[in-house]
Amino acid sequence: MATIRILEASARRPRRFRVEWYTPEGAHRSRTFPTRRAAEAFLHEIESAKLRGTYRDPAAGRQRFGDYLERWLAEAVHLRPATRALYRRVADRHLIPGLGCRRLAELDRAACRSFLANLEAGPATVEVVHRLLRRVLEDAVRDGILERNPAARLGLRRPRPREARFLTPEEVAAIADEVPGRYRALVLLLAYGGLRIGEASALTIRRLDLPRRRVEVVESAAEVEGRWEVGETKTGKGRVVVLPASVAEELARHVERYTDGRPTSLVFTSEDGGPLRRGNFRARVFAPACRRAGISPSPRVHDLRHTAVALAIRAGAHPKAIQELAGHSSIKVTLDRYGHLFPSLAEDLADRLDSMARAAAERGRVVPFRAG
């Protein structure tokens with residue numbers, strides 16, 4: 001129960017009114033006001049919030065954003081290693097210098113919008129900074145520190161994603177012919193299986209079922225501050241990819257020639273037998289092979305994954321099958337990213353409905369035969 005204590009006037013201070021109360025967790029709190037009316041209004045607000053279950057400790061909001069962010073990063077065990085490293089850099093370079101000294105209760109929409117608008121960084125970096133700021137403050141809401149997230153729905157312009165490059169089967173074959181032999185199966189797996197390069201780099205032999213042409217994708221590798229680390233996939237979910245027979249056969253030859261066959265051994269390694277690092281593979285293997293194959297401008301390694309989706313669409317695959325192939329978190333992601341590659345779904349639907357309507361009309365014209 002909250003109470004009001006009167007602090008009598010002195011030679012230096014006028015009479016004041018102190019509200020004292022206990023938080024739902026039992027911690028003692030107090031706040032002083034110059035008038036009884038203000039103190040009573042605050043007392044009523046505190047008691048009402050405790051009854052409604054919406055109480056927020058004012059002391060929690062006085063902690064600095066930088067301190068809360070540091071604890072958030074330390075406790076964010078759910079983040080993939082690469083994401084954690086990215087957020088650490090973003091926090092050190094942008095959020096802590098810009099907002100670290102501000103108290104959580106002081107952060108409102110205007111402060112967040114002004115900070116992001118004056119950030120000296122490219123659109124992609126601003127988006128990452130905003131994403132981290134929004135996630136941290138959303139947890140502050142869940143922790144009962146803030147009533148609402150001031151970084152949510154700011155209406156910032158999102159950067160245009162880099163345009164995907166879709167290769168033809170002939171271009172894929174040309175690249176596969178130009179890379180060193182130990183990378184030929186990798187190029188084909190990316191271009192026809194739709195794996196991310198990190199997923200392929202983490203692939204072990206026990207995840208292969210080549211007689212059934214299946215690859216189980218459950219892990220992904222990334223370089224984190226110079227270290228090669230293996231964690232879960234981007235969406236946190238595994239999937240099984242069924243390969244074309246020719247790709248499965250090429251992968252079987254690769255396993256026989258370039259691996260020791262042990263279940264825990266990596267399928268793809270560098271020339272020295274170590275883990276395959278995507279930066280080295282791109283600069284030393286893939287880009288030179290594209291130049292030798294005469295493919296200009298040179299595609300990214302990730303464009304092989306885009307190509308797998310595009311080829312599956314050309315082959316008539318259903319959008320749901322495309323989602324499963326690519327390992328997208330939802331069908332919406334698939335359609336937002338690749339919907340323009342599908343034939344006109346509206347026209348196809350209209351044609352199918354037209355066929356149904358015409359067939360029903362024809363059946364309606366048939367007069368049933370009645371004997372007698």
Side-chain angles (χ1 to χ4, degrees), residues 66 69-97 100 121-122 124-129 131-133 135-136 139 162 179-180 182-183 185-187 189-190 193-208 215-239 241 254-255 258-289 300-305 326-327 329:
L69 173 59
E70 290 290 355
R71 286 197 301 275
W72 189 93
L73 289 171
E75 297 169 0
V77 295
H78 60 286
L79 296 178
R80 299 168 64 222
T83 303
R84 181 182 288 107
L86 172 63
Y87 283 175
R88 179 74 266 175
R89 292 194 300 272
V90 166
D92 291 341
R93 297 176 185 176
H94 302 289
L95 283 174
I96 292 178
T125 300
V126 173
E127 183 184 31
V128 176
V129 174
R131 185 193 315 154
L132 177 56
L133 178 63
R135 291 186 66 171
V136 173
D139 274 1
R162 181 171 175 177
V179 297
R182 68 183 308 111
Y183 301 117
L186 173 61
V187 170
L189 177 65
L190 299 178
L195 276 69
R196 301 174 177 89
I197 182 62
E199 295 169 342
S201 301
L203 197 61
T204 56
I205 293 177
R206 65 178 175 178
R207 304 300 183 187
L208 304 180
V215 174
E216 186 182 12
V217 182
V218 295
E219 296 170 314
S220 182
E223 293 181 59
V224 181
E225 298 178 349
R227 302 186 309 274
W228 191 82
E229 295 189 10
V230 176
E232 61 183 16
T233 62
K234 183 176 182 180
T235 60
K237 299 178 181 179
R239 67 187 188 278
V241 175
H254 171 90
V255 169
Y258 295 106
T259 75
D260 57 16
R262 292 183 299 176
T264 57
S265 295
L266 292 171
V267 175
F268 301 107
T269 58
S270 60
E271 295 285 351
D272 60 6
L276 184 65
R277 296 176 179 264
R278 69 178 69 184
N280 290 342
F281 174 73
R282 179 183 63 249
R284 301 176 184 176
V285 178
F286 187 73
R300 300 172 299 165
V301 175
H302 196 69
D303 286 328
L304 293 176
R305 172 174 162 82
S329 57

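- By the salt bridge (charged side-chain N to carboxylate O under 4.0 Å, His left out) test, E271 is found to be paired with no residue, residues two or more places apart in sequence or in another chain being considered.
- The nearest pair of heavy atoms linking D260 to S265 is OD1-OG, 2.6 Å.
- Formation of a donor-acceptor pair under 3.5 Å by the R305 side chain with backbone atoms of L195 is not found in this model.
- Note that NE2 of H94 is 10.5 Å distant from CG of L132, once rounded to the nearest 0.5 Å.
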Applying side chain to side chain contact (heavy atoms under 4.5 Å, CB included), run through R89 and V128 and close with a yes or a no. CA-CA 11 Å; R89 292 194 300 272; V128 176; over 6 Å; no
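- Put simply, the side chain of D303 gets close to the backbone of R300: a donor and an acceptor are under 3.5 Å apart.
- Looking at every heavy atom in both residues, L190 comes nearest to A200 through CD2-CB, 3.9 Å.
- Salt bridge annotation for R239-E199: present, with a cationic side-chain nitrogen under 4.0 angstrom from a carboxylate oxygen.
- Within a 6.0 Å radius of CZ in R71, other residues, nucleotides and ligands contribute more than 12 heavy atoms.
- Salt bridge status for R88 with D92: present, with a side-chain N to carboxylate O gap under 4.0 Å.
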Could you please spell out the steps behind the side chain to side chain contact (heavy atoms under 4.5 Å, CB included) verdict for K234 and R80? CA-CA 8 Å; K234 183 176 182 180; R80 299 168 64 222; 4.1 Å; yes
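- Closest non-hydrogen pair, S270 versus R182, comes out as O-NH2, 3.3 Å.
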Go through it in stages, so that I can follow the logic: the residues are L203 and L189, the test is side chain to side chain contact (heavy atoms under 4.5 Å, CB included), and I'd like the CA-CA distance, side-chain angles, deciding distance and then a yes or no. CA-CA 11 Å; L203 197 61; L189 177 65; 4.1 Å; yes
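- Nearest heavy-atom pair across V255 and T259 is O-OG1, 2.6 Å.
- Summarising the geometry of H254 relative to F268, their closest heavy-atom pair is NE2-CD2, 3.5 Å, with the distance given to 0.1 Å.
- Distance CD1/I96 to CD/E70: 4.0 Å, rounded to 0.5 Å.
- For T204, there are no side chain to side chain donor-acceptor pair (under 3.5 Å) partners, not counting sequence neighbours.
- V230 approaches E219 most closely through the heavy-atom pair CG1-CB, 3.8 Å.
- Here the side chains of I205 and V267 are in contact, with some heavy-atom distance below 4.5 Å.
- Contact check for E75 versus D139: no side-chain heavy atoms found under the 4.5 Å cut-off.
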Tell me which donor-acceptor pairs under 3.5 Å the side chains of residues 276-289 have, and how far apart each pair is, sequence neighbours excluded?
residue : atom : partner : partner atom : Å
R277    : NH1  : E223    : OE1          : 3.4
R277    : NH1  : G226    : O            : 3.3
R278    : NH2  : A221    : O            : 3.1

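- Taking the side chain as every heavy atom from C-beta outward, I197 and L186 approach each other to under 4.5 Å.
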Stepwise side chain to side chain contact (heavy atoms under 4.5 Å, CB included) test for Y87 and L73: CA-CA 8 Å; Y87 283 175; L73 289 171; 3.9 Å; yes
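- Other residues, nucleotides and ligands contribute at most 12 non-hydrogen atoms within 6.0 Å of the CZ atom of R262.
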